There are 2 protein chains.
Amino acid sequence: MLKSKVTISDVAKAAGVSSSAVSYALNDKPGVSAATRDKVLKVADKMGWRPNSAAKSLSDASTRSIGLVLTYDTQVLSVETYTMELISGLTAELEAEGYSLLVRSAHSARSEMDVLKEWIATGAVDGVLLLNIELGDPRVELFSAHPEMPVLLLCDTSMSGGLTALADDEQGSAHLLVDYCHELGHQRIARVAGPERFGHTFTRDNAFMEETAELDLQYSCFHTDYSPEEGRRCTERLLSLPKPPTAIIYDNDVMAVAALQTAAKLGVSVPDQLSIISWDDSFLCNVSSPSVTALSRNVVRRGHQSARMLLDMIDGEDVESMIDAPSELVFRDSSGPLAG
Amino acid sequence: MLKSKVTISDVAKAAGVSSSAVSYALNDKPGVSAATRDKVLKVADKMGWRPNSAAKSLSDASTRSIGLVLTYDTQVLSVETYTMELISGLTAELEAEGYSLLVRSAHSARSEMDVLKEWIATGAVDGVLLLNIELGDPRVELFSAHPEMPVLLLCDTSMSGGLTALADDEQGSAHLLVDYCHELGHQRIARVAGPERFGHTFTRDNAFMEETAELDLQYSCFHTDYSPEEGRRCTERLLSLPKPPTAIIYDNDVMAVAALQTAAKLGVSVPDQLSIISWDDSFLCNVSSPSVTALSRNVVRRGHQSARMLLDMIDGEDVESMIDAPSELVFRDSSGPLAG
DNA sequence: TTGTATGCGTTATCAA
DNA sequence: TTGATAACGCATACAA
């Protein structure tokens, strides 16, 4: 390994001053005369000095990075764009402060816990972002026991166990969706949801039951794994009921688009006989035919916001949990009043 | 900041031995008796000792992470799944060795260069993966001047400037595509390509010209920015030619799917009057109607392979450039012989 | 205003 | 087999 790296003492030697003088000068701190400061800066610049990141981390106990564990399986990651949009927003915001995103993958909940414990014990990151919080999630307990590690949870505050969370406005979204279906005249609506163990699924379930009860609508719900196969299967089951729903809301875009195919196969016309709505918007919803009405969440902005909150926590500020800006419903061709 | 971290000297004190004995024991190195080793291991385990990552990095000059700079703009990242699939494969392979992926974003080529220079100077990563190499790319020069930093380029070897590269088999893919169109009986084929400055676009351009010339086919090509809007615009232009192409290959899935809409709008039937083929496969191609014939690249495997090569380079091995496994053509409903 | 000295937590060298 | 001790590069308290 070539060690062409320039250190502070190299600069000190070249400038004919002490290493502390160099350190003060480079960090713009008092303790050196203007003359030596100028000389040091000039020499350091000419020698191409940059602070060694490991040494800096060791010295001030910060790594200038936040951690994210990817747990989705490859299948899902290849299809959904949520994680990529989130990463995009996160890194863009972190960039402004010179922070990095440290990404690791885990093939199971257990191995994710191992990575998180390692981060806490080794100080490899300054903060952590947690996704897909489940009911009774062990990660909540872990970070509750380690208040020294800043952590932000993307989940409803009801399951963050007192930790700081950035929540989706699920209640508001459910209201928006149910209201829209009601206005179109639908009386029987259904939902094809994500896995029941996920916190946000639980929150959505409750919100949907409330909203539909309020308007006296019939409501049924299936829980799945977000895959197109499950989307198709649930759609078939729902449409073969004696009194099938006339509007179905899918918890992600992939299932909604897959459902279009199923409807076509069964000879059910969209939107004349069936309205299909996706809880997630994406390019998929835009290019399918018919295009799919969807709830747009602006995940990139969410990434920015998450990074901002984490950076503030790392700065020692007391950051309160908050609810993200409400989603917007994007009207497209897959929804409408019953016809014929 | 709570300093609840357990250090080696804490363990040494608790076990009643010296810190060097602890270090030897924990790193499974000779120099301690079996008895003290056992005792140290037991105590360290009970105290929950884990090596501090910054200290370890400073000591052995390695960070156990590889760097990746994201430069796509948010728009594109939200749509295409290539980067996410790559990251998925990368992190999965890195995980086995306890390595992390350090991600930063850059809003311009200039700022990417700044990040890369910083990584080289500060030693923040043990190796770097470079994407989207352009002709005369300054990054090639940068890393040529810094052979101490392992780097892998995902590009054709013709533009890697002697640096190690993992190349797509563009020639083989072009052959596959042109041959397929020829067999279907198409005489005039066109291609809607990515930006001309990208290295792989250049390579594809050459390969396509060769392959079409070989079979005496008419060939025309437009260069774009991968966006659906450009995909639509180019499709309209091509179809309004006096002798329009009967088969069009798009350099990515997004443009291919967008082209379906344009063809429908213009009353051109796919595949009876026009075959549409995508150079990238994805879920999009699968759910569009008609579904789109596409070249499948297995990007996740590519990520695995990249990580493997980088880890070997970091281990000091001499890694040769190589060409990735050939792509497969997935036949769907958007291509076929001319009808009517 | 300066330079010296010490700590950060490891690993590795060298006497004992 | 052990236990001091230096080195990694930076920051900083303290003495000159």
Side-chain angles (χ1 to χ4, degrees), chain A residues 1-41 43-44 47-64 98 118-124 126 148, chain B residues 1-41 44 47-64 98 118 120-124 126 148:
Chain A
M1 162 114 21
L2 265 160
K3 47 170 298 178
S4 60
K5 303 283 165 57
V6 181
T7 74
I8 262 191
S9 57
D10 292 334
V11 176
K13 222 167 287 173
V17 294
S18 78
S19 64
S20 57
V22 174
S23 179
Y24 286 136
L26 293 169
N27 290 314
D28 214 23
K29 295 208 169 161
V32 278
S33 65
T36 41
R37 162 164 295 143
D38 285 354
K39 186 166 64 180
V40 166
L41 288 179
V43 172
M47 298 179 76
W49 176 87
R50 303 249 46 199
N52 175 280
S53 67
K56 203 179 179 85
S57 293
L58 181 59
S59 181
D60 61 14
S62 88
T63 61
R64 299 191 80 76
E118 190 187 314
W119 279 346
I120 291 173
T122 67
D126 293 352
E148 76 275 16
Chain B
M1 165 110 23
L2 266 160
K3 47 171 297 180
S4 61
K5 303 282 164 57
V6 181
T7 76
I8 264 192
S9 59
D10 292 334
V11 176
K13 222 167 287 173
V17 295
S18 77
S19 64
S20 53
V22 174
S23 179
Y24 285 135
L26 292 170
N27 290 313
D28 215 23
K29 294 205 169 163
V32 278
S33 64
T36 42
R37 161 164 296 144
D38 284 354
K39 185 167 62 180
V40 167
L41 288 178
M47 299 179 74
W49 176 88
R50 302 251 46 200
N52 174 281
S53 67
K56 200 177 179 89
S57 293
L58 180 58
S59 182
D60 64 13
S62 87
T63 61
R64 298 192 81 75
E118 190 186 315
I120 291 173
T122 66
D126 293 352
E148 77 274 16

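Given the structure is predicted, the values throughout are model-derived calculations rather than measurements. A note on names: the letters A, B, ... follow the listed sequences, proteins ahead of strands, and every chain is numbered from 1. Note: hydrogens, waters and symmetry copies are ignored here, and every other heavy atom, side chains too, is used.
- Between the P atom of D:dC10 and the CG atom of A:Asn27 lies a distance of 10 Å, rounded to the nearest Å.
- Within the nucleic acid shown, A:Arg37 has no heavy atom closer than 4.0 Å to any nucleic acid atom.
- Atom OG in B:Ser23 sits 4.5 Å away from atom CD1 in B:Ile8 (nearest 0.5 Å).
- With a 4.5 Å cut-off on side-chain heavy atoms, B:Val6 and B:Val11 count as touching.
- Rounded to an integer number of Å, the gap from B:Lys56 NZ to D:dG9 P is 18 Å.
- In terms of position on DNA chain D, the residue among B:Ala34 and B:Ser59 whose nearest nucleotide sits closer to the 5' end is B:Ala34.
- Taking atom CD1 of A:Ile8 as the reference point, atom C1' of D:dA7 lies 16 Å away to the nearest angstrom.
- The distance between atom CE of A:Met47 and atom P of D:dG9, rounded to the nearest whole Å, is 13 Å.
- Within residues 10-21 of chain B, the residues approached by DNA chain C to less than 4.0 Å at the level of any non-hydrogen atom are B:Ser20, in residue-number order.
- Residue A:Lys29 has a polar side-chain atom (N or O) positioned under 4.0 Å from OP1 or OP2 of D:dT12.
- For B:Arg50 and C:dT11, the CZ to P distance is 12 Å, given to the nearest whole Å.
- Rounded to whole angstrom, the span from the CG atom of A:Asp28 across to the P atom of D:dT12 amounts to 13 Å.
- Within 4.0 Å of B:Thr36, counting heavy atoms only, lie sugar-phosphate atoms of the nucleic acid but no base atom.
- Regarding contacts with the backbone of D:dC10, every side-chain N or O of A:Ser57 stays at 4.0 angstrom or more from both OP1 and OP2.
- At the phosphate of D:dG9, neither OP1 nor OP2 sits under 4.0 Å from any side-chain N or O atom of A:Lys5.
- Base contact: A:Leu58 has a heavy atom under 4.0 Å from a base atom.
- Counting to the nearest Å, the C1' atom of D:dC14 and the OH atom of A:Tyr24 are 9 Å from each other.
- Checking the phosphate oxygens (OP1, OP2) of C:dC8, no side-chain nitrogen or oxygen of B:Asn52 falls inside 4.0 Å.
- Judged as a side-chain contact (heavy atoms from CB on, under 4.5 Å), and not counting sequence neighbours, the contacts of A:Ala121 are B:Arg50.
- Between A:Ser23 and D:dC10, a side-chain N or O to OP1/OP2 separation shorter than 4.0 Å is absent.
- At a threshold of 4.5 Å between non-hydrogen side-chain atoms, the residues B:Glu148 and B:Ile120 count as touching.
- Between B:Val40 and B:Val17 the shortest side-chain heavy-atom distance falls below 4.5 Å.
- If you take OG on A:Ser33 and NZ on A:Lys39, they are separated by 8.5 Å, rounding to the nearest 0.5 Å.
- Look at A:Trp49 and you won't find any side-chain N or O under 4.0 angstrom from OP1 or OP2 of D:dG9.
- The CG atom of A:Leu58 sits 11.0 Å away from atom OG of A:Ser53, with the distance rounded to the nearest 0.5 Å.
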